[in-house]
S.K.: 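Okay, here's the structure, questions in a sec.
The first residue in the sequence is number 1, and the count goes up from there.
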Amino acid sequence: FRELEASSKSDRIVQEESLFQLIGIGIEQKDWKAVSTTHDQLTSRFPKSRHRFEAAFFLSDAQLNQNKLVQAEATLIALQQKQDDETVARESWYPHMWVRLAEVFFRRQNYTQVKATVEAFRRWDPESPFFYRAEAILGRSYKNQADKFDEARTAFERVINSKHGRRTE
C-alpha cells in the first residue's frame, strides 16, 4: 500500500484508498505514530476524502492510546458535531465515538463532561447496542467521586440490566 500511495503511476483513487488502508493496518498493529502520520497524509493530500471522518475516528484512537487527551478530545468533538449529518452518523463506527469521547473526559477527570456526553448519546440513540459502554464509563466516573456512590451503583445496574451489556466485562 505504501508503494501504491507513493507511485506517480497510481491514480488519485488508488493513492487515497492505499492511505486509508495503511491507517487500518496501523490500528491493527497498534502503531499509533503511523496512524497519526498516515492520517495527516490522507487529510492533507485528500481533504475531501470519503474516508476523512472515519480516519479522524481512527486518529482519536491513536491519540487516546498515546495519552494525547486534549488532541483526542478535539478530534472527537469535531466528529460529535457531525451527529446530524446522516452520511457520517449512520457509519458503523459512529456510536463508538460517543463512548470514546466519554472515556477521554473520564481520563481527564472531567466528570461533568462524562455525564453530558452520555446524556447526549442517550438523546442521539437511546437504543444503541453500545450505550451500555458509555453507562459503564459514567458509573466509573461516579465511583471516582466520593459523594456519588449511589449514582455509580445505579449506572452499573443499568449496564448489568441492559440487553447489550448483559454478560459483558
S.K.: Going by heavy atoms in the side chains, are F121 and L138 under 4.5 Å from each other?
M.R.: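 No; the side chains remain at least 4.5 Å from each other.
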S.K.: Under the criterion side chain to side chain contact (heavy atoms under 4.5 Å, CB included), I'd like the reasoning laid out for V88 against W93: C-alpha separation, chi angles, the key distance, then a yes or no.
M.R.: CA-CA 9 Å; V88 177; W93 55 266; 3.9 Å; yes
S.K.: Look at the rings of F20 and H51 and say which category their plane angle falls in: under 30° parallel, 30 to 60° tilted, over 60° perpendicular.
M.R.: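 The arrangement is parallel - the two ring planes meet at less than 30°.
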S.K.: Does the salt bridge (charged side-chain N to carboxylate O under 4.0 Å, His left out) test come out yes or no for R122 and E135, once each step is laid out?
M.R.: CA-CA 10 Å; R122 181 181 288 118; E135 283 274 15; 2.7 Å; yes
S.K.: If you measure from CG on N65 to CG on D31, what distance do you get to the nearest 0.5 Å?
M.R.: 11.5 Å
S.K.: What's the spacing between Q15 CD and R45 CZ if we round to 0.5 Å?
M.R.: 5.0 Å
S.K.: Is it true that a side-chain atom of Y94 and a backbone atom of Q83 form a donor plus acceptor pair closer than 3.5 Å?
M.R.: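 A pair under 3.5 Å: yes.
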S.K.: How far apart are the closest heavy atoms of D11 and V14, and which atoms are they?
M.R.: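 Residues D11 and V14, closest heavy atoms: OD1-N, 2.8 Å.
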S.K.: Should the pair R50-E17 be classified as a salt bridge under the 4.0 Å nitrogen-to-oxygen rule?
M.R.: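 Looking at E17 together with R50, the answer is yes, because their closest N to O distance falls below 4.0 Å.
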S.K.: Can you name the closest pair of heavy atoms from S60 and L76 and give their distance?
M.R.: OG-CD2, 3.4 Å
S.K.: Does any non-hydrogen side-chain atom of F131 lie less than 4.5 Å from one of D125?
M.R.: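 SC-SC contact between D125 and F131 ruled out.
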S.K.: With rounding to the nearest 0.5 Å, note down the distance linking CD in Q66 to CD in Q71.
M.R.: 9.0 Å
S.K.: Indicate the atoms forming the closest heavy-atom contact of L64 with A72, along with that distance.
M.R.: N-CB, 4.1 Å
S.K.: Would you check, one step at a time, whether the test side chain to side chain contact (heavy atoms under 4.5 Å, CB included) holds for R108 with V70?
M.R.: CA-CA 8 Å; R108 295 193 68 206; V70 172; 3.7 Å; yes
S.K.: Let me see the working for V118 and I137 under side chain to side chain contact (heavy atoms under 4.5 Å, CB included), right down to the final yes or no.
M.R.: CA-CA 9 Å; V118 173; I137 295 167; 5.7 Å; no
S.K.: I want to know whether F58 and H39 have ring centres closer than 6.0 Å.
M.R.: no
S.K.: Treating T38 as the side-chain partner and V35 as the backbone partner, does any N or O pair qualify as donor plus acceptor under 3.5 Å?
M.R.: no
S.K.: Is there a donor-acceptor pair closer than 3.5 Å between any side-chain N or O of R52 and the backbone N or O of K48?
M.R.: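 Checked: pair present.
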S.K.: Provide the closest heavy-atom pair for A62 versus S36 in the form atom of the first, atom of the second, distance.
M.R.: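 Closest approach of A62 to S36: CB-OG, 3.9 Å.
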S.K.: Validate the cation-pi geometry between R12 and F46: distance from NZ or CZ to the six-membered ring centre under 6.0 Å, angle to the ring axis within 45°.
M.R.: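 No, R12 does not sit over the ring of F46.
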S.K.: Report yes if some heavy atom in the side chain of Q41 is under 4.5 Å from a heavy atom in the side chain of L22; otherwise report no.
M.R.: no
S.K.: Q80 vs I77, test: side chain to side chain contact (heavy atoms under 4.5 Å, CB included). Steps then yes/no.
M.R.: CA-CA 5 Å; Q80 182 187 36; I77 286 175; 4.3 Å; yes
S.K.: For the pair R100 (side chain) and F57 (backbone), establish whether a donor and an acceptor sit closer than 3.5 Å, ignoring hydrogens and angles.
M.R.: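 Yes: the side chain of R100 pairs with the backbone of F57.
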S.K.: Give, for atom CG of L79 and atom NE2 of H96, the distance between the pair rounded to the nearest 0.5 Å.
M.R.: 13.5 Å
S.K.: Which atom names give the shortest non-hydrogen contact between W98 and T117, and what distance separates them?
M.R.: O-CG2, 3.6 Å
S.K.: Ignoring hydrogens and geometry, is there a side-chain-to-backbone donor-acceptor pair from E28 to G24 under 3.5 Å?
M.R.: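 Between the backbone of G24 and the side chain of E28 there is no qualifying donor-acceptor contact (under 3.5 Å).
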S.K.: Can you tell me how far apart OH (Y142) and CD (E151) are? Round to the nearest 0.5 Å.
M.R.: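 Nearest 0.5 Å value for the OH-CD distance: 6.0 Å.
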S.K.: Mind telling me whether Y111 and F106 have parallel, tilted or perpendicular rings, with 30° and 60° as the class edges?
M.R.: tilted
S.K.: For residues V114 and A102, report the shortest heavy-atom separation together with the two atoms involved.
M.R.: CG2-O, 3.6 Å
